[in-house]
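Let me begin by presenting the structure, written as structure tokens, before commenting on it.
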Amino acid sequence: MAEHTTTPQPTAVAVVPPADERDWVVVFSGTPWANGAHRQHALARELTVDHRVLFVDPAGHLPRWRVQIRQVADGLWQCAGPALLPFGRHLPPVNRLNRWLAARVLRRWFRRQAACVRLLWLDEDLAAPVAARLDASAVVYDATDLDWTFTRPWNRRHLRRALRSAVGAADLVLASSTALPDRMPASDPAPVVLANGCDPDRFSPDGPVAPWLLGLRRPLIGYSGAIDTRAFDADLVAAVARAHPEWTFVLIGPSTRAGRAPLVGLSNVVLVDAVRFADVPAILRACDVTVIPYRVGGLIDYVHPKKCYEYLALGKPVVATPLPALRPLAGTIALAADPPTFAAALADALDHAGAPDDAARRREVATRNSWSVRGVQLRSLLAGLPR
């Protein structure tokens with residue numbers, strides 16, 4: 001007798017407190033919840049002030065049928081996104097199939113909760129196909145980055161098309177930087193800038209200092225973030241480090257071989273591999289000045305580095321290259337475009353690094369740009385969307 005087989009059906013399992021009557025927001029993010037130190041995670045937490053939030057991780061590289069939905073905070077659930085096939089980031093038909101599956105699983109789950117979706121929130125361009133399948137009252141697209149700049153040239157057409165679809169599906173388009181709207185497809189309504197922010201309490205100047213830094217020669221110049229060739233200007237840092245061997249540069253974050261190549265052999269440059277986000281403030285507290293040495297004029301100088309506000313929350317002087325989004329902060333931070341002026345700005349910052357009035361002023365700027373302030377701005381924007 002022939003044995004019959006059936007294709008496994010994707011399911012989602014979770015327990016939702018029935019007494020909570022807040023509307024739902026479903027966030028399709030390009031960054032998994034486990035990497036919880038980014039804009040997506042901060043804004044998801046802010047949305048829980050008056051919504052329940054389901055945060056959907058991007059589809060993984062392997063097929064996944066059984067989807068577990070778990071509560072990770074008050075009013076906040078996380079879902080590992082389902083996938084039938086790999087390579088959706090590179091193959092449009094596979095991406096559409098995977099998104100169809102995700103929408104089907106979530107529709108079934110919401111029916112079991114006797115709930116509907118108030119808002120669909122997209123910060124991953126490739127999630128645009130779910131906009132027509134979840135019957136949300138409104139769609140928000142949050143442009144945190146230009147995803148197509150993170151891929152090989154042969155895949156950019158696919159991701160640019162996904163960006164146009166995400167923008168076209170949205171009732172509200174947000175942008176994390178003042179420089180982003182000009183690089184995005186035209187939309188109606190036009191994008192609204194909701195800038196990045198910080199958590200001033202996490203980056204308080206009062207707190208522990210990483211003890212291993214105490215043995216390094218001062219002054220210490222600190223940086224946190226990726227050390228690569230896309231954004232980080234290692235040639236600039238190397239030139240300044242060679243000109244000032246008396247300064248020690250502490251660079252915290254994951255690095256690529258090409259990114260760190262210009263820094264090889266410099267004894268006053270200390271590369272620290274990726275550390276937990278919770279450990280970053282203790283390292284930066286030991287530094288005298290902080291830097292954002294990003295490339296200007298390239299593919300991604302539209303960025304608005306949230307690390308700038310984190311540095312300011314610690315009360316640290318900041319020297320940065322003149323990224324468009326940082327230019328309004330001139331006066332609070334120093335902007336310099338080439339090695340001689342960058343070195344001069346660092347020397348000036350070191351001369352005044354200990355001024356308590358300046359540190360208090362920097363922290364005040366960070367507080368005005370906190371995620372809680374961004375949350376108030378966001379809720380005001382969402383109030384005007386259809387219900």
Side-chain angles (χ1 to χ4, degrees), residues 26-32 35 38-40 56-64 81-104 120-134 136 139-193 226 228-232 254 256-259 294-304 323-325:
V26 179
V27 176
F28 274 83
S29 180
T31 304
N35 301 351
H38 298 280
R39 171 188 175 91
Q40 297 93 325
V56 183
D57 288 354
H61 296 297
L62 298 176
R64 180 169 49 222
L84 278 172
L85 296 171
F87 304 116
R89 182 169 173 81
H90 305 109
L91 301 174
V94 172
N95 179 62
R96 288 194 294 270
L97 180 62
N98 287 340
R99 302 303 173 169
W100 168 84
L101 174 63
R104 178 180 176 182
L120 175 61
W121 180 289
L122 307 175
D123 71 56
E124 183 188 22
D125 301 345
L126 290 172
V130 302
R133 296 183 177 275
L134 279 185
V139 177
V140 176
Y141 172 63
D142 184 30
T144 63
D145 233 317
L146 293 178
D147 195 24
W148 64 266
T149 66
F150 287 83
T151 193
R152 303 280 188 180
W154 57 265
N155 193 42
R156 288 179 182 171
R157 182 180 179 185
H158 172 33
L159 295 184
R160 281 179 176 272
R161 186 186 303 119
L163 171 60
R164 289 194 296 270
S165 297
V167 169
D171 300 286
L172 172 65
V173 178
L174 303 176
S176 63
S177 162
T178 54
L180 258 177
D182 289 342
R183 303 190 180 204
M184 293 169 57
S187 64
D188 184 17
V192 177
V193 175
D228 54 20
T229 56
R230 298 187 67 255
F232 185 80
T256 64
R257 178 179 297 180
Y294 277 13
R295 300 181 185 277
V296 177
L299 272 183
I300 65 164
D301 69 351
Y302 57 78
V303 295
H304 189 168
L323 298 169

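Every value quoted in this text rests on a predicted model; they were computed, and no experiment measured them. Along the sequence shown, residues carry numbers from 1. What you see below is based on every heavy atom in this structure, not just the backbone, and it leaves out hydrogens, waters and symmetry mates.
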(message) If the condition is ring pair (Phe, Tyr, Trp, His ring centres under 6.0 Å), which residues does H304 pass it with, not counting sequence neighbours?
(response) Y309
Which atom pair, heavy atoms only, marks the closest approach of [X] to [Y]?
X    : Y    : value
P185 : V167 : O-CG1, 4.2 Å
P58  : S29  : CD-O, 3.2 Å
W148 : R160 : CH2-NH2, 3.0 Å
A128 : A162 : CB-O, 4.3 Å
A102 : P82  : CA-CG, 3.5 Å
G88  : H158 : O-NE2, 3.4 Å

(message) Looking at L101, is its backbone amide N or carbonyl O close enough to the side chain of R133 to form a donor-acceptor pair, meaning the two atoms are under 3.5 Å apart?
(response) no
(request) Look only at the side chain of Y302 and the backbone of L146, and say whether a donor-acceptor pair between them is shorter than 3.5 Å. (result) yes
(request) Give a yes or no on whether a salt bridge exists between E124 and R99, defined as a side-chain N under 4.0 angstrom from a carboxylate O. (result) yes
(request) Decide, yes or no, whether a salt bridge links D123 with R39 under the criterion of side-chain N to carboxylate O below 4.0 Å. (result) no
(request) Would you tell me whether T256 and R230 have side-chain atoms, one donor and one acceptor, within less than 3.5 Å of each other? (result) no
Would you check if [X] and [Y] make a side-chain contact, meaning some heavy-atom pair closer than 4.5 Å?
X    : Y    : result
R89  : L126 : yes
D147 : L163 : no
D125 : L159 : no

(request) Kindly write out the residues that satisfy salt bridge (charged side-chain N to carboxylate O under 4.0 Å, His left out) with R183, not counting sequence neighbours, or none if the list is empty. (result) D301
(message) Working note: L174 + V140, criterion side chain to side chain contact (heavy atoms under 4.5 Å, CB included); need CA distance, chi angles, decisive distance, verdict.
(response) CA-CA 8 Å; L174 303 176; V140 176; 4.0 Å; yes
